[in-house]
Amino acid sequence: MSGLVFCSILLLITAWSIGKLLEIFWWKPRKIQKLFLDQGIGGPPYKPFIGSIGELAKIYTKARTAQSLPQTSETNLLSNTLPLAFPHLPIWREKYGSVYLYWYGRQPRLSISDPELIKGLTSAPRKYYQSIQHPLIYNLIGKSVLAAGGEPWNNQRKLLNPFFLVESLKNLPNLVVDTVDEKIETWKSLMKSNELEVDACKEFENITQDIIVQIMLGNDAKKGLQIAHLQSEQTAIASKLVKIFYIPGTKFIPIPLYRRSKRLRREVEMKFHGIIERRLQNVNQQENDWLSLMLSSGNMTKHQIIDECCAMFIAGSESTNILLAWTCVHLGINKMWQDKARDEIFEVLHKENRPLVEILSRLKIVTMIINETLRLCPAVPFIMKHAQEDIKLGELTIPSGIDIEVPIISVHHEKTIWGENASQFDPSRFSEGISKASKHPMAFMPFMNGPRICLGMNFAMIEAKVTLAMILQNFDISISPKYKHVPVGGLTLKQGSGAPVIFRKI
Ligand code: HEM
């Protein structure tokens with residue numbers, strides 16, 4: 001008798017488990033898919049457990065085979081950035097349109113590259129959680145403003161806003177000039193026959209890290225640089241891991257990358273704790289950096305400060321570094337635009353060695369070149385949101401629980417928005433300003449738009465303009481014959497084989 005009861009219970013548990021599995025992996029995804037199909041939204045089909053990952057893998061394998069073909073070094077070399085970095089984007093866009101649903105495992109993702117819908121999405125930020133959902137991203141940026149959502153995001157943004165006002169950034173150009181000056185002297189001392197080949201990625205990484213650690217940690221900048229290096233390694237790990245869809249619980253499996261990521265986080269926290277403790281013990285020692293401002297605000301816990309610093313180290317150096325490296329590569333190929341920019345720089349800065357904020361606004365061609373680089377190679381190629389509640393976007397209803405991605409790079413390369421030459425480097429499209437550069441006034445979105453627009457946009461533009469102006473004042477830039485166009489998409493859009501360029505003294 002008791003055997004029969006046991007068997008019945010076992011049968012019930014098995015039936016319940018099978019039912020639950022069917023619900024999670026079959027019925028629920030089908031329901032979501034139907035909900036979108038009824039609204040006219042298609043996408044690659046859902047496959048139990050793997051979602052659209054199999055489809056993605058096929059597209060990427062095919063693209064990788066094509067990449068191994070020899071490259072030609074002509075002006076068109078950079079025109080295939082989008083299909084090289086994200087081969088699935090042009091294929092799915094062509095097949096399913098500007099809005100489609102795909103599956104990261106069993107997690108539904110709505111991809112939106114229609115500027116009008118993106119406008120609606122970015123203007124209602126509190127409805128969304130900034131979903132960088134992979135738990136290991138936590139090791140990189142903690143619960144900082146970059147990761148937060150809802151009310152906590154609102155409060156954090158308010159606390160950080162004052163650091164980024166134009167008034168607060170007025171000394172930034174001087175700091176950039178000092179840092180870049182030193183670099184230029186080093187390059188000149190290493191030159192043979194007045195020329196030097198450098199990897200622009202590495203050089204600009206050094207420059208942008210130097211600048212952000214000085215701004216954030218002032219006299220502790222040297223210790224800050226050690227943290228910046230640890231954070232760079234952490235970013236590389238995170239970039240690899242976000243491509244793998246996360247299976248809950250796997251963070252506890254001792255995979256070497258996970259372990260390294262945890263260790264890096266601990267080390268970074270310890271170093272920040274050390275700096276903060278020393279600051280708290282020497283309150284009379286006046287410091288004028290962001291860490292001091294955060295400590296004296298009285299509104300942030302030590303943990304919060306560390307998270308914001310971690311995020312700022314990454315946001316404040318990685319993207320601007322990438323922007324500068326891509327700009328050098330584009331100018332190294334497009335000599336006409338390089339000459340135009342240099343002529344403008346000499347005209348505007350003819351007496352001033354130290355470009356001030358007011359002067360920077362007169363560098364129109366340099367700004368057009370930077371914008372065009374950000375369009376073709378947006379340092380942040382994607383953003384991701386997570387619907388925390390049902391959302392209405394125009395005619396579209398998005399149920400809560402859906403991830404929403406904005407493939408910035410896809411919008412930036414769309415021919416129906418930018419014209420037939422969308423994949424070509426042509427800064428003149430920005431000659432009448434950003435809103436007139438394309439068919440949609442808000443299609444240019446390297447820093448995104450709305451209340452959640454990049455906090456460091458002005459910071460990045462000042463840093464990029466001053467650095468570029470100083471380099472063009474001193475050197476002619478050519479692309480090295482060693483250059484290989486291998487754009488790699490992840491959290492950022494990097495040069496997979498570095499950015500070897502040649503600086504020649506002028
Ligand atoms: C070329 C350089 C840069 C690019 C392309 C860039 C791009 C972006 C993008 C696309 C976002 C996401 C906005 C969203 O989620 O809607 C963002 C957010 C952010 N960026 Fe930047 N960024 C750059 C430089 C910087 C710099 C230099 C800093 C700081 C010094 C910075 C600090 C931040 C912060 C704190 C956020 C979070 C804002 C929020 O969620 O409210 N960024 N950035």
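Sequential numbering from 1 along the given sequence is applied to the chain's residues. Whatever order the structure lists them in is the order used to number ligands and atoms, beginning at 1. Both backbone and side-chain heavy atoms feed into the values below; hydrogens, waters and symmetry mates do not. Since the structure is predicted, the reported quantities are computational estimates derived from the model, not experimental observations.
Taking every heavy atom of Phe164 and a limit of under 4.0 angstrom, the matching atoms of ligand 1 come to 29 (C), 30 (C). The distance from ligand 1 to the heavy atoms of Pro446 drops below 4.0 Å at these ligand atoms: 5 (C), 7 (C), 10 (C). Remark: ligand 1 atoms within the under-4.0 Å shell around heavy atoms of Thr320 are 2 (C), 27 (C). Per-residue contacts place Val145 under 4.0 angstrom from the following atoms of ligand 1 (heavy atoms of the residue considered): 35 (C), 40 (O), 41 (O). Distances below 4.0 Å separate heavy atoms of Ile383 from the following atoms of ligand 1: 10 (C), 12 (C), 16 (O).
Of all the heavy atoms of Ala315, the ones lying under 4.0 Å from any atom of ligand 1 are found in both the backbone and the side chain. If you look at Arg452 next to ligand 1, the close heavy atoms, those under 4.0 Å, come from the backbone and the side chain alike.
Side-chain contact between Arg279 and Asp220: present, with at least one pair of heavy atoms (C-beta onward) separated by less than 4.5 Å. At a threshold of 4.5 Å between non-hydrogen side-chain atoms, the residues Phe86 and Pro407 do not count as touching.
The residue from Gly316, Cys377, Ala379, Ala148 that puts a heavy atom closest to atom 27 (C) of ligand 1 is Gly316. Counting heavy atoms only, Arg157 comes closest to atom 41 (O) of ligand 1 of the residues Gln156, Lys385, Arg157.
With no hydrogens or angles considered, no side-chain donor-acceptor pair links Ser98 and Glu414 at under 3.5 Å. Using a 3.5 Å distance cut-off with no hydrogens or angles, the side chains of Thr235 and Glu318 do not pair a donor with an acceptor.
No heavy atom of Met457 sits closer than 4.0 Å to any atom of ligand 1.
Taking distance alone, with nitrogen or oxygen atoms compared against 3.5 Å, Trp290 stays at or beyond that limit from ligand 1.
Salt-bridge check for Glu269 with Arg266: failed, with every basic side-chain N at 4.0 Å or more from each acidic carboxylate O. Taking the charged nitrogens against the carboxylate oxygens, Arg375 and Glu372 do have a contact shorter than 4.0 Å, which makes a salt bridge.
In this structure, the side-chain contact (heavy atoms from CB on, under 4.5 Å) partners of Pro441, at least two apart in sequence or on a different chain, are Ser435.
The list of salt bridge (Lys or Arg N to Asp or Glu O under 4.0 Å) pairs with a residue in residues 293-307, not counting sequence neighbours, reads Arg265-Asp307, Glu277-Lys302.
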